[in-house]
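Here the structure comes first, spelled out in structure tokens, and everything after it is commentary.
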Amino acid sequence: MAIFDPSSMLKKIAPRAKIKRMISSRMGVKRTALAIVDAAAETEIGLINKKKVLDVALKTVAGYQERIDAATDTGVRDQILDDPKQLIQRVQNEFVFQAQKKIQAQYKGQRARWLPSSADEPDPEHQKNYGKEYIIGEGIDGEDPGDRFGCKCGVEILNETSIELE
């Protein structure tokens, strides 16, 4: 059995201690995202190549910058700028989303088990699926783990010894 655990992948990319250092050093939006990219590239997580990792970060930074530019109230704008945790979370969510999509594409039609989420506030609808077996691509009630952006549910692919995402 092979398991994909989003929290393990995210710990390799940006451990909590590293995130706290980035936040306390008040790094800019782009520098914070690029630091996560470098960490992901260094870990060789086998998820996506460095160019794709960079594309994820830049896409996330662009969306973050749009929110800053759209904020007409300076208080709201300052709040967005002062909270790089949101940026880090968005970049991490994109990594998990891409990994889940690769699993769905590569293992479509195989049996899997839905594993609990590592999110601080798991989706109650997903909690109902914990431990249930399903067919990748068919899901449970038409939904696989990772279909929704921000989902951090794990996947256990049955009858596999490892998960290869490259």
**Request:** Drop me the distance from Q110's CD to N159's CG, to the nearest 0.5 angstrom.
**Result:**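 Reported value, rounded in 0.5 Å steps: 8.0 Å.
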**Request:** Could you grab the distance from atom CD of E156 to atom CZ of R111, nearest 0.5 Å is fine?
**Result:**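 Reported to 0.5 Å precision, the distance equals 10.0 Å.
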**Residues that D147 engages under salt bridge (Lys or Arg N to Asp or Glu O under 4.0 Å), provided they are two or more places apart** =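 Per chain and number, D147 pairs via salt bridge (Lys or Arg N to Asp or Glu O under 4.0 Å) with K101.
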**Request:** Go through the structure and list residues passing salt bridge (Lys or Arg N to Asp or Glu O under 4.0 Å) with K108, not counting sequence neighbours.
**Result:**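 Per chain and number, K108 pairs via salt bridge (Lys or Arg N to Asp or Glu O under 4.0 Å) with no residue.
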**Request:** Using the rule that two of Ile, Leu, Val, Met, Phe, Trp, Tyr join whenever any of their side-chain heavy atoms come within less than 4.5 Å, decide whether V96 and Y107 are in one cluster.
**Result:**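 Yes, because V96 and Y107 connect within a single hydrophobic cluster, where side-chain heavy atoms sit under 4.5 Å apart.
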**Item:** Single-linkage hydrophobic cluster I140~F4, side-chain heavy atoms < 4.5 angstrom
**Value:**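 Yes, I140 and F4 fall within the same hydrophobic cluster.
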**Request:** Please identify each residue that fulfils ring pair (Phe, Tyr, Trp, His ring centres under 6.0 Å) with Y130, with sequence neighbours left out.
**Result:**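 Y130 satisfies ring pair (Phe, Tyr, Trp, His ring centres under 6.0 Å) with no other residue.
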**Message:** Between Q100 and P6 (side chain of the first, backbone of the second, donor and acceptor by atom type, cut-off under 3.5 Å), is there such a pair?
**Reply:**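 No.
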**Expected output: side-chain Q104 to main-chain P145 donor-acceptor under 3.5 Å** =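 It does hold such a pair.
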**Item:** Results of side-chain hydrogen bond (donor to acceptor under 3.5 Å, both in side chains) for Q127 - residues two or more places apart only
**Value:**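 So Q127 forms no side-chain hydrogen bond (donor to acceptor under 3.5 Å, both in side chains) with any residue.
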**Message:** Counting C-beta onward and ignoring hydrogens, is there a side-chain heavy-atom pair between H126 and W114 closer than 4.5 Å?
**Reply:**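 Yes - at least one pair of side-chain heavy atoms lies under 4.5 Å apart.
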**Check: I157 and I103 side chains under 4.5 Å, non-hydrogen atoms** =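 Yes - at least one pair of side-chain heavy atoms lies under 4.5 Å apart.
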**Item:** Derivation of the side chain to side chain contact (heavy atoms under 4.5 Å, CB included) call for L115 and I3
**Value:** CA-CA 9 Å; L115 299 178; I3 295 176; 3.6 Å; yes
**Asked** Which residue pairs pass the salt bridge (charged side-chain N to carboxylate O under 4.0 Å, His left out) test when at least one of the two sits in residues 135-145, sequence neighbours left out?
**Response**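 Sorted result for residues 135-145: E143-R148.
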**Request:** Identify the two heavy atoms, one from F149 and one from N93, that lie closest to each other, and give their separation to 0.1 Å.
**Result:**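 For F149 and N93, the tightest heavy-atom pair comes out as CZ-CB, 3.6 Å.
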